[in-house]
**Q** 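Attaching a single structure in structure tokens format; questions to follow.
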Amino acid sequence: MAISKRPTTPTSTVGLHWQITDDGSRTLWNERLDESYHSGCGAVAESLVVYLLNSGVHARFARGLESTVLEYGFGTGTAFLLTAADAVLHGTGLRYRALEISLLPAEILGELKLNDSSAYLVDQQDFAELIEVAHGLLSELVEWRGKLTRSLTSGAYTCFLRENIALEIFVGDAVDYAKSDCFDAVYFDPFSPASCPELWNPRVFRNAFDSLKEGGTLTSYCVKSSVRHDLSSVGFEVRRLPGPIGGKREVLLATKSTQATL
């Protein structure tokens, strides 16, 4: 059965509309693509489960370990803000690199309202404080974004939040990003394969693979068989996990095996 569309309201940017998701948090709907940035079933819930929890980053923070994350598709910054808030609450550090074709302007980011979310209990864990801290970090992110020009040229832009949170945003086409690095996790969150097929292919997955440490993870909302096949073809061990309650039935976890030789 098709999922009904949630009501939307326009933003100051033509073609972008706010959508209230089922957990009360906001996401954006792209009119041209007819697609939302996050699941209409819950933007915060999706980001908590698919990215922060499934990636193992939350578990790393709980052990007091600094973490590094590479995200394909920064969007509204929801996944970053929740991850950064988790680092703050655990008193550890985060280096976060995001690949984004066009960074949203400050006035839109400022309307995100993460603390409207009711997604406090996830996997029997209480994330109420984390969501509040994330909303405070949003104010700092908006202030930083407001100091930049509205339309950014291609290149790297760095933002420091609190003492140990470093955000690097690479504005440009993520297809061309091919820097081997040492990240603990990849949050793979571009628009769907139907809307953005150029990012869902073995070349891009190989670049993501090369960016991960041994044992690192790539997480995504998409479990299409072709995506799982292409991830496996570059060396990932791929499996499906249960999705957020009330959202997608299954989501994806791909691990860079310590035995990988590709």
Side-chain angles (χ1 to χ4, degrees), residues 13 15-16 27-39 46-47 50-51 54-55 68-80 83 95-105 108-109 145 148-159 167-213 216-238 251-256 260 262:
T13 297
L16 290 181
T27 191
L28 287 170
W29 175 68
N30 185 300
E31 182 178 358
R32 180 179 63 84
L33 299 177
D34 190 21
E35 189 169 322
S36 60
Y37 281 52
H38 298 91
S39 169
E46 178 186 58
S47 296
V50 178
Y51 301 111
N54 287 358
S55 67
T68 52
V69 175
L70 172 65
E71 181 179 21
Y72 283 75
F74 186 72
T76 61
T78 299
F80 161 69
T83 303
R95 179 170 67 88
Y96 198 103
R97 181 174 295 168
L99 313 179
E100 177 57 58
I101 192 72
S102 180
L103 187 60
L104 291 169
I108 292 184
L109 290 173
R145 177 65 180 95
L148 304 176
T149 59
R150 183 179 177 88
S151 297
L152 300 177
T153 58
S154 297
Y157 300 84
T158 302
C159 172
L167 168 65
E168 306 166 284
I169 297 181
F170 281 64
V171 175
D173 193 339
V175 173
D176 300 324
Y177 181 85
K179 295 183 179 180
S180 296
D181 217 315
C182 52
F183 291 96
D184 298 299
V186 169
Y187 294 175
F188 201 80
D189 194 25
F191 286 114
S192 70
S195 299
C196 192
E198 63 274 14
L199 281 174
W200 299 83
N201 65 66
R203 173 191 168 194
V204 173
F205 292 149
R206 179 70 206 195
N207 292 340
F209 183 90
D210 289 341
S211 293
L212 282 168
K213 300 175 183 178
T217 59
L218 178 149
T219 51
S220 180
Y221 61 87
C222 182
V223 293
K224 285 187 63 176
S225 59
S226 58
V227 170
R228 301 198 313 271
H229 174 272
D230 288 344
L231 284 164
S232 296
S233 73
V234 302
F236 281 108
E237 293 182 354
V238 183
V251 293
L252 183 142
L253 171 64
T255 305
K256 182 173 182 177
L262 291 181

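Given the structure is predicted, the values throughout are model-derived calculations rather than measurements. The residues of the chain are indexed from 1 along the displayed sequence.
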**Q** Do you know the tightest heavy-atom contact between Val234 and Pro202?
**A**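 Looks like CG1-O, 3.6 Å.
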
**Q** If only atom types and distance count, is the side chain of Thr68 paired as donor or acceptor with the main-chain N or O of Cys182 below 3.5 Å?
**A**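 Looks like yes, one N/O pair under 3.5 Å.
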
**Q** What distance separates Arg206 CZ from Asp230 CG, expressed to the nearest 0.5 Å?
**A**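 One finds 13.5 Å between CZ of Arg206 and CG of Asp230.
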
**Q** Nearest 0.5 angstrom please: Phe191 CZ to Leu33 CG, how far?
**A**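 Separation between the atoms: 5.5 Å.
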
**Q** Using 0.5 Å steps for rounding, measure from the CG atom of Leu109 to the CG atom of Leu103.
**A**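 If we round to the nearest 0.5 Å, Leu109:CG and Leu103:CG are 6.5 Å apart.
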
**Q** Which pair of non-hydrogen atoms, one from Ala254 and one from Leu252, has the smallest distance, and what is that distance?
**A**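 Answer, listing the atom of Ala254 first, then Leu252: N-CD2, 4.0 Å.
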
**Q** Hey, mind stepping through Tyr96 and Glu168 against side-chain contact (heavy atoms from CB on, under 4.5 Å) and telling me if it holds?
**A** CA-CA 6 Å; Tyr96 198 103; Glu168 306 166 284; over 6 Å; no

**Q** State, without any angle test, whether Ser195 and Glu35 hold a side-chain donor-acceptor pair at a distance under 3.5 Å.
**A**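 Glu35 and Ser195 do have a side-chain donor-acceptor pair below 3.5 Å.
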
**Q** Report yes or no: is the cationic atom of Lys256 (NZ for Lys, CZ for Arg) under 6.0 Å from the centre of the six-membered ring of Phe236, at an angle within 45° of the ring normal?
**A**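 Cation-pi check for Lys256 and Phe236: fails.
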
**Q** From Ser102 OG over to Asp173 CG, what is the distance, rounded to the nearest 0.5 angstrom?
**A**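 CG of Asp173 is found 12.0 Å from OG of Ser102.
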
**Q** Between the side chains of Thr76 and Thr78, does any donor sit under 3.5 Å from an acceptor?
**A**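 A donor-acceptor contact under 3.5 Å links the two side chains.
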
**Q** Grab the two heavy atoms, one from Ala79 and one from Thr83, that are nearest each other, plus how far apart they are.
**A**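 Closest pair (atom of Ala79, atom of Thr83, distance): O-OG1, 2.7 Å.
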
**Q** Run the side-chain contact (heavy atoms from CB on, under 4.5 Å) check on Trp200 and Cys222 step by step: do they pass?
**A** CA-CA 10 Å; Trp200 299 83; Cys222 182; 3.6 Å; yes

**Q** Nearest 0.5 angstrom please: Leu152 CG to Ile101 CD1, how far?
**A**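 CD1 of Ile101 is found 12.0 Å from CG of Leu152.
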
**Q** Applying salt bridge (charged side-chain N to carboxylate O under 4.0 Å, His left out), run through Arg95 and Asp181 and close with a yes or a no.
**A** CA-CA 12 Å; Arg95 179 170 67 88; Asp181 217 315; 3.7 Å; yes

**Q** Say whether Tyr51 and Asp189, considering side chains only, have a donor N or O and an acceptor N or O under 3.5 Å apart.
**A**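 A pair is found: one side chain offers a donor N or O, the other an acceptor, under 3.5 Å apart.
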
**Q** Quick check: does any side chain N or O of Ser36 sit under 3.5 Å from a backbone N or O of Trp29, one acting as donor and the other as acceptor?
**A**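 No; judged by distance alone, with no hydrogens or angles, the pair does not exist.
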
**Q** When you measure from the side chain of Tyr221 to the backbone N and O of Ser192, does any donor-acceptor pair fall under 3.5 Å?
**A**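 Yes, because the side chain of Tyr221 sits within donor-acceptor range (under 3.5 Å) of the backbone of Ser192.
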
**Q** For Leu16 and Ile108, which heavy atoms make the closest approach, and how far apart are they?
**A**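 Smallest interatomic distance, heavy atoms only, reads CD1-CD1, 4.2 Å.
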
**Q** So, Thr219 versus Asn54: side-chain donor-acceptor pair below 3.5 Å or not?
**A**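 Not at all, the side chains of Thr219 and Asn54 share no donor-acceptor pair under 3.5 Å.
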
**Q** So do Leu212 and Val186 actually touch side chain to side chain, heavy atoms under 4.5 Å?
**A**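 Contact flag for Val186/Leu212 side chains = yes.
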
**Q** Taking the six-membered ring of Phe80 as reference, does the cationic atom of Arg97 (NZ for Lys, CZ for Arg) lie under 6.0 Å from its centre and within 45° of its axis?
**A**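 No - Arg97 does not lie over the ring of Phe80 by the 6.0 Å and 45° rule.
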
**Q** Please check: side-chain N/O of Asn201 versus main-chain N/O of Glu198, any donor-acceptor pairing under 3.5 Å?
**A**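 At least one qualifying donor-acceptor pair exists.
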
**Q** To the nearest 0.5 Å, what is the distance between NE2 (His229) and OG (Ser233)?
**A**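 Here the interatomic distance stands at 6.0 Å.
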
**Q** Would Ser220 and Tyr187 satisfy side-chain hydrogen bond (donor to acceptor under 3.5 Å, both in side chains), going step by step from the backbone distance to the final call?
**A** CA-CA 6 Å; Ser220 180; Tyr187 294 175; over 6 Å; no

**Q** Without swapping roles, check the side chain of Glu46 against the backbone of Ser39 for a donor-acceptor pair under 3.5 Å.
**A**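 Yes; at least one donor-acceptor contact below 3.5 Å.
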
**Q** With a 3.5 Å distance limit and no angle check, can you tell me whether Glu100 reaches the backbone of Gly75 through a side-chain donor-acceptor pair?
**A**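 Looks like yes, one N/O pair under 3.5 Å.
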
**Q** Please test Val69 against Asp184 for side-chain contact (heavy atoms from CB on, under 4.5 Å), starting from the C-alpha separation and ending with a verdict.
**A** CA-CA 6 Å; Val69 175; Asp184 298 299; 6.0 Å; no

**Q** Could you check if a side-chain atom of Pro105 sits within less than 4.5 angstrom of a side-chain atom of Thr13, using non-hydrogen atoms only?
**A**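 Yes, their side chains come closer than 4.5 Å.
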
**Q** Compare every heavy atom of Pro193 with every heavy atom of Val227, then report the nearest pair and how far apart it is.
**A**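 Taking Val227 first and Pro193 second, the nearest heavy atoms are CG2-CG, 4.3 Å.
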
**Q** Pairing donors with acceptors under 3.5 angstrom, does anything connect the side chains of Tyr157 and Arg145?
**A**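 There is no such pair between these side chains.
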
**Q** Assess the residue pair Tyr37 and Leu104 against the criterion (side-chain contact (heavy atoms from CB on, under 4.5 Å)); give the C-alpha distance rounded to whole Å, side-chain angles, the decisive distance to 0.1 Å, and a yes or no.
**A** CA-CA 12 Å; Tyr37 281 52; Leu104 291 169; 4.2 Å; yes

**Q** Measure across Tyr72 and Leu99 and return the closest heavy-atom pair with its distance rounded to 0.1 Å.
**A**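 In this case the closest contact between Tyr72 and Leu99 is CE2-CD1, 3.7 Å.
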
